[in-house]
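In what follows, a structure is listed as structure tokens, so that the remarks can point back to it.
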Amino acid sequence: MSDSLFEKFEALPPDALFAIKARCDADARPQKVDLGIGAYRDNNGKPWVLPSVKMSELQYSQDPSHNHEYQPIAGNAVLGEDAAKILLGVDLYEKDKTVSTQTLSGTGALHVAAQLIYKGDPTREVYLSNPTWANHRNIFESSHLQLKTYPYWKEDTKTLDIDGWLKTIEAAKKGSVFVLHACAHNPTGMDPTPEEWEQVLDAMAKYHHIALFDSAYQGFASGDLDRDAKAIRLGHAKLSKQSPIIICQSFSKNLGLYGERIGCLHIVNPTSASKANIISQLSTLTRSEYSNPPAYGADIASRILSQHELRDQWYIDMKTMSSRIYKMRVELRNHLVALKTPGNWDHIEKQCGMFSFTGLTPEMVERLETKHAVYMAKNGRASVAGLNTSNVEYVAKSIDEVVHFFSS
Amino acid sequence: MTKMLSKKFPKPSTKCRFFASYMAKIPQAPPDRILGLVNQFMNDPNPSKVDLTVGVYRDNAGNVPTFKSVQNAQHLLHTVPSLRKDLSYLPIIGHPNYRNKVLNFLFHDGCPEIGPEIIYQDRVSFVQTLSGTGALSVTARFLSNFISDSIIIPQLSWANHANVFKNNGFRNISYYPYYSNEKIVLKDWLNHLINIQKTDREVTSNSKPSCILLHACCHNPTGLDPTKEQWDQILDTIYDLNLIPIIDMAYQGLESGDVLKDSYLLRKVLNKKRYKNWKNGIYLCQSFAKNMGLYGERVGSLSIILPETNSGNKSTSIRENIDSQLKQIIRSMYSSPPGYGARIVSLILSDKDLKDQWFLDVKEMVDRLNDVRYKLSQKLNWNSIIDLNQQHGMFYFTNLSPIQVERLKNQFAIYLTTDGRLSLSGINDLNVDYICNSILNVL
């Protein structure tokens, strides 16, 4: 080994989304707009600490009983149970048929799930939607699983490619794992209709596939926890008789706890024979990576989920976020229509959650950034949370300019 | 297997194979040794019961205290809005202020002779991690991806060490002799290293370097560290054999009561006069769990100290490349680290009063541990326990046999780990006589 060992490393491309933020932060133009990162902003363009979280933090700071002792390997057990209940609803939730473990938000849950799948069967094929959240591929690939994709989005019509999806389900090897966005599909913002979910989940049942739900936006998408959990509950009805259901849950968006890394992994309806083994495998995995999950955020989240007063405030907070985002969708679309920007912009209003898949091309996105200081992901994904009443018209005009520029 | 399945599941599908037959084949992993004992302890009805198993510091009242410095920092965080405007994602490699303050603490304050030069040369690839375990797991993934998947760890070591390396890409895990009869077995240790390197080269012609795990101070579980002179011999051998040092610094400050003094192993490794250049880097896995009592907040760091370039120029471009690899590893594991604990640490390291208070907090903790040592030595006539030249930290390795440990548990409800490790801070003024009398009884 020579000194050159370290010099042989090539720099990997920076994580695209974090890089956009860095460029935007460095941009001196006062009119700049950041539609890159997936974090909620209020109407002043500022990060927003939910009032329910503030209440919970105040309670924590005044509670003499808290200390910083280690949590158990599976984390905050009260949180795990309450978190499973909001996904499944109190009627479907059965404690003895659910394994819940606190994870480092959604990424941590997906990572642990991927490792668990690999341990169970390293040849298992995992299907991701095309397109999907940029990190999905990285997470599953680094756990050495074989990745495939299912068609999701038709570029020309900006609609769901349900036929392609169903065909892939039919053709996939029996027992494949399908990663499903529980609601507010990232990056398209386009969810299946209830009827389409029926079709998808029926087909998955027929071909004996396993559902892995990525639930990153429950309550954030519509303002209603139950409405945003419909796909999961339907999946439970159709699939749980024959296979366990894997749910990766994040509290980054709906509680705004982004940087505290709070989430859970739930395995619902494992066979009774395998439940204890799954628990022991999960603890070995966790122990080997970080021993036990962070305590503070879990305490904050758990207080909100378990106390009526805080929980009621949280419901209001979710409505505040989702309705502001919806309003911005409507305004952006209306501005584009009023400007007579070439193309159809109805999809911006129809999509839900944090993002809109605008349909803008990479060249248009680049021009938006260089000419107008409007930043979004290269694939045309815009974080609607970055819009507010002061900048939405400017963004619409900027989009109008780049679309005209490239259509003439 | 199939028969058993068909009974339970009328139609065994592929799915069932995944979670039932595949998973059912996997035996249940043994429960964590220490946490298993904790459960037994909690269910023990004996009112005199004493828990001497876990590595969490307790004060003389038997409570897990929040350090004064931490309390003060938390108070600031909760009351000064500008300190904590939001709960946004931290960057993948952690809080920028945390990075600056911890680097400064480890290298400027901790290694004043060589540290500033290393920082000036931009030779440290640094990431905020989920405490010591998180630092070790990121290290293991990085090394096994690019440099080495073999490691030698002490024969007696933290129970999780082997687990961490095994589950994060290491193929070869072997052990070096460390301890026997209340002594470090230095000769066996060094001969072992020399022999296995020889075998590797001659028999398997394996040219890849191996890693070696070193406990920076307060060796867990024995509480027995090499003397400073012995460390020189050990590091000389490691350097000559081209082994890659991974330094687990989980108890900095718990040896002497002085956090800066206790980074002596880092200072020794970085001594340029003795070791010109560690070609494959030095991996420092550091934790604030014990020395700030921030256990559950999961805050620590990994510093990869890169070799100096031939010209002595800045290593920025190489360091950035390594950073980018670490980012990719972390992004796939958990995206970015938790904020709360890192903000507490940053505050304490940024403010002179808080930092001074922290130093006092550590001193107070170690004074109490030494006080307990002194009492045990008096009452039990144990001499080695107060040999503070080598006996350090939260634990004392009693040399009680498993049978004696079992008797302590069953007869007196005093819980030690089976290997005879005793967690000193579980002892206080109220229970010290009971514990000593019970130990005398089983001896």
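Just so it is clear, the model here is predicted, and its values are computed rather than measured.
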Problem set entry | Option that, when pairs with chain A are counted at under 4.5 Å, heavy atom only, ranks first among B:Pro91, B:Pro337, B:Ser317 | B:Pro337
Problem set entry | chain A contact via B:Pro65 - side chain, backbone, both or neither, heavy atoms under 4.5 Å | neither
For this session: Evaluate the ring planes of B:His78 and A:Tyr60, with Trp represented by its six-membered ring, and classify them as parallel (under 30°), tilted (30 to 60°) or perpendicular (over 60°).
Result: perpendicular
Problem set entry | Minimum-distance pair of heavy atoms, taken over all atoms of A:His66 and B:Thr66 | O-OG1, 4.3 Å
Problem set entry | When A:Gly297, A:Pro293, A:Ala39, A:Ser283 are compared by non-hydrogen pairs under 4.5 Å with chain B, the top option | A:Pro293
Exercise. Between atom CG of A:Asn138 and atom CE of B:Met333, what is the distance when rounded to the nearest 0.5 Å?
Worked result: 12.0 Å
Exercise. Is any side-chain heavy atom of A:Glu260 less than 4.5 Å from a side-chain heavy atom of B:Tyr340?
Worked result: yes
Exercise. For B:Gln74, is it the side chain, the backbone, both, or neither that has a heavy atom closer than 4.5 Å to a heavy atom of chain A?
Worked result: side chain
Seminar exercise, completed: When rounded to the nearest 0.5 Å, the distance separating CD of A:Glu69 from OH of B:Tyr295 is 8.0 Å
Problem set entry | Region of B:Leu77 that comes under 4.5 Å of a non-hydrogen atom in chain A | neither
Exercise. Which value, rounded to the nearest 0.5 Å, describes the distance between A:Thr286 atom OG1 and B:Asn167 atom CG?
Worked result: 10.5 Å
Problem set entry | Contact class of B:Val64 relative to chain A, heavy atoms under 4.5 angstrom | both
For this session: Would you check if the side chain of A:Arg287 reaches a backbone N or O of B:Asn163 as a donor-acceptor pair within less than 3.5 Å?
Result: no
Exercise. So which of A:Gly108, A:Ser61, A:Ser142, A:Ser291 has the biggest tally of heavy-atom pairs under 4.5 Å with chain B?
Worked result: A:Ser291
Exercise. Highest number of heavy-atom pairs under 4.5 Å with chain A: which of B:Leu90, B:Ile92, B:Thr129?
Worked result: B:Ile92
Problem set entry | A:Ser252 side chain near B:Tyr89 side chain, heavy-atom distance below 4.5 Å | yes
For this session: Using modelled atom types only, decide if a donor and an acceptor are shared between the side chain of A:Arg261 and the backbone of B:Tyr334 within a distance under 3.5 Å.
Result: yes
Exercise. Can you tell which of A:Gln71, A:Lys173, A:Glu289 has the highest number of heavy-atom pairs within less than 4.5 Å of chain B?
Worked result: A:Glu289
Problem set entry | Structural part of A:Gln115 lying under 4.5 Å from a heavy atom of chain B | side chain
Problem set entry | Toward chain A, the part of B:Arg141 with a non-hydrogen atom under 4.5 Å | side chain
Problem set entry | Close approach to chain B in residues 50-59 of chain A, criterion heavy atom under 4.5 Å | A:Val53, A:Glu57
For this session: Heavy-atom pairs under 4.5 Å with chain A are the metric here; pick the option from B:Val56, B:Asn63, B:Val138, B:Ile329 that has the most.
Result: B:Val56
Exercise. Tell me, do B:Leu87 and A:Pro47 make a side-chain contact under 4.5 Å, heavy atoms counted?
Worked result: no
Exercise. B:Ser335, B:Ser137, B:Gly134: which one forms the most heavy-atom pairs within less than 4.5 Å of chain A?
Worked result: B:Ser335
Seminar exercise, completed: Residues B:Arg331 and A:Ile139: closest non-hydrogen pair is O-CG1, 4.5 Å
Problem set entry | Option in A:Asn135, A:Ile279, A:Ile262, A:Leu104 with maximal non-hydrogen atom pairs under 4.5 Å from chain B | A:Asn135
Problem set entry | Side chain / backbone / both / neither for B:Val299 at chain A, heavy atoms under 4.5 Å | neither
